Amino acid sequence: MPSNRLAAERSPYLLQHAHNPVDWWPWGPEALAEARRRDVPIFLSIGYSTCYWCHVMERECFENATIGRQMSEQFLCIKVDREERPDLDDVYMAAVQMLTGHGGWPMSVFLEPHTLKPFWAGTYFPPVPARGLPSFPQVLTRLSTAWSARRSEVLQQADSVAEALRERLALSEVTPVLVGPKHVGMAVQTLLTIFDRTDGGFGRAPKFPQPVYLDLLLTVRQHLGEEGVRAAADHALKLTLDRMATGGMFDQLAGGFHRYSVDTHWLVPHFEKMLYDQAQLLPVYAQASIIYGDPWYAQIARRIATYLRTEMTSPHGAFYSAQDAEVDGREGLNYVWTPRQITDAL
């Protein structure tokens, strides 16, 4: 299959798409100028190399010659690796979350070519209507038709989204304040309010490990004046650390934590493993082992370190950023064992 412009890139993610039957462009002035010359919207697709649903949408849509031809004819298609351009990812992910109420990758954003304002966005789309989602060809057709027949409405939508996005981003540019006991107390109370008293963790499924929350509680627990609040913080910490390390979130054979649990019980993980999760969870378990005098927490920290050395370190000494969830087109295939396979292995 002939290659497209992404064949000249260095990003592993962009190179994965170098042979798609899509006229992909990397982000840059040439791509933006071409979209303006053709007077077509930009389809911006952002993902990363170990993203499972990115692989699924590529197989289902971007490797489909008919869909690829429609994409190339109706839009200027740009691929971006979020690990290369976190700045673009941050801005347009904020737009996706604002428009849809959720986020994730692959990120699918449609931009007005002159101002680069987003006017429509989503994440994964199937090749045919499924899971309550329209098909990707339907999305392409509707947006292309709107651009051609109702341009003023599209531009007005882009302006509205951009204005709301500016207001949202401006809220994050607050003046720093000195954090005192009052703020810490409010943060602890909030965490204890959203703490899952049955299974540990914070919030509902899908459950992420939230090492920043755990680190905060470990750091401030000794400064909590009320004995009852300190006991509640200790209970939240221990239950969460215990359930995460004994469930499917933790790789019981190779070590290391998967990205999140799809259920509330830490049982069924999304099998992708991220470097930043290991980097944050290792010191959390190490610190917990010291605070609570629990050698088992120390063992979990050591197993994370062993996993980082054996699986996440390149021969040249650099760390890999993530480990893919997909094997032979199936998520987590090398982590899922049948009872017969376990018996045979033992």
Side-chain angles (χ1 to χ4, degrees), residues 50-53 93 97 101-105 183-224 226 228-292 294-305 307-308 322-323 325 331-332 335-336:
T50 59
C51 167
Y52 172 69
W53 285 102
M93 179 59 76
Q97 293 171 335
H102 64 273
W105 298 272
H183 304 91
V184 172
M186 292 172 59
V188 171
Q189 287 294 341
T190 299
L191 290 179
L192 295 180
T193 299
I194 62 175
F195 167 64
D196 183 340
R197 290 170 172 77
T198 302
D199 295 294
F202 304 93
R204 301 177 179 178
K207 273 189 177 171
F208 288 80
Q210 305 287 13
V212 174
Y213 295 171
L214 300 173
D215 182 61
L216 172 65
L217 291 177
L218 284 170
T219 301
V220 305
R221 60 172 294 281
Q222 62 182 326
H223 303 292
L224 298 175
E226 298 181 27
V229 177
R230 184 186 306 174
D234 285 336
H235 174 65
L237 281 162
K238 290 180 180 180
L239 182 61
T240 301
L241 293 171
D242 290 351
R243 292 297 174 87
M244 287 199 308
T246 56
M249 266 280 297
F250 188 67
D251 187 340
Q252 303 297 335
L253 292 180
F257 280 90
H258 297 293
R259 192 173 181 210
Y260 62 83
S261 173
V262 301
D263 62 291
T264 62
H265 312 296
W266 306 107
L267 178 62
V268 181
H270 174 51
F271 290 96
E272 186 179 10
K273 290 180 181 176
M274 313 301 289
L275 178 65
Y276 56 72
D277 284 331
Q278 320 308 322
Q280 295 177 92
L281 287 168
L282 192 158
V284 163
Y285 275 92
Q287 186 180 359
S289 73
I290 297 171
I291 291 174
Y292 298 119
D294 192 331
W296 184 65
Y297 290 153
Q299 180 183 351
I300 298 299
R302 292 191 193 96
R303 293 196 63 197
I304 296 173
Y307 163 72
L308 290 173
Q323 188 171 26
E331 182 185 4
Y335 297 105
V336 180

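The figures that follow rest on heavy atoms only: side chains count, while hydrogens, waters and symmetry mates do not. We number each residue from 1, following the sequence as shown. Since this is a predicted model, take the numbers as computed values, not measurements.
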The test is side-chain contact (heavy atoms from CB on, under 4.5 Å); show your working for Y292 and D234 and say whether it passes.
CA-CA 9 Å; Y292 298 119; D234 285 336; 2.6 Å; yes
Any side-chain heavy-atom pair from T190 and F202 closer than 4.5 angstrom?
no
Quick one: pull up CG in L239 and CG in D199 and give me the separation to the nearest 0.5 Å.
7.5 Å
For Q280 and V212, indicate whether the former's side chain and the latter's backbone hold a donor-acceptor pair under 3.5 Å.
no
For D242 and T246, which heavy atoms make the closest approach, and how far apart are they?
O-OG1, 2.8 Å
On the 0 to 90° scale, with breaks at 30° and 60°, tag the Y335-F271 ring pair as parallel, tilted or perpendicular.
parallel
Using a 3.5 Å distance criterion without hydrogens, assess whether the side chain of Q252 forms a donor-acceptor pair with backbone atoms of A245.
yes
Give the minimum heavy-atom separation between A298 and S289, together with the two atoms involved.
N-CB, 3.4 Å
Is the closest side-chain heavy-atom distance between I194 and Q210 below 4.5 Å?
no
Evaluate side-chain contact (heavy atoms from CB on, under 4.5 Å) for V229 paired with Q189, printing each intermediate quantity in order.
CA-CA 8 Å; V229 177; Q189 287 294 341; 4.0 Å; yes
Is any side-chain N of the basic residue among D294 and K238 closer than 4.0 Å to the acidic one's carboxylate O?
no
Any donor-acceptor N/O pair, R259 side chain to E272 backbone, under 3.5 Å
no
Pairwise side-chain contact, T50 with Q323, heavy-atom cut-off 4.5 Å (strictly under):
no
For the side chain of T240 and the backbone of G200, is there at least one donor-acceptor N/O pair under 3.5 Å apart?
no
Determine the minimum heavy-atom distance between G248 and P269, stating which atoms define it.
O-CG, 3.3 Å
Look up atom CE in M249 and atom CG in D263, then write down how far apart they are to the nearest 0.5 Å.
10.5 Å
So how far is it from F250 CZ to L281 CG, rounded to the nearest 0.5 Å?
10.0 Å
Nearest-0.5 Å distance that lies between atom CG in L282 and atom CZ in R303:
12.5 Å
So, for L216 and A187, which heavy atoms are closest and what is the spacing to 0.1 Å?
CD2-CB, 4.1 Å
Hey, is the main chain of D196 close enough, under 3.5 Å, to the side chain of R204 for a donor-acceptor pair?
no
To the closest 0.5 Å, what do you measure between NE2 (H235) and CG (L192)?
10.0 Å
With rounding to the nearest 0.5 angstrom, report the OH to CD distance, Y297 to Q287.
12.5 Å
Below 4.5 Å, heavy atoms only, C-beta onward: do R221 and V188 meet side chain to side chain?
no
Taking every heavy atom of A325 against every heavy atom of Y52, the minimum-distance pair comes out as CB-CB, 4.5 Å
So, do Y285 and F257 have ring centers that fall under 6.0 Å from each other?
yes
In terms of heavy-atom contacts, A279 and P283 come closest through O-CD, 3.0 Å
Take a 6.0 Å sphere around CZ of R230 and say whether it holds more than 12 heavy atoms from other residues, nucleotides or ligands.
yes
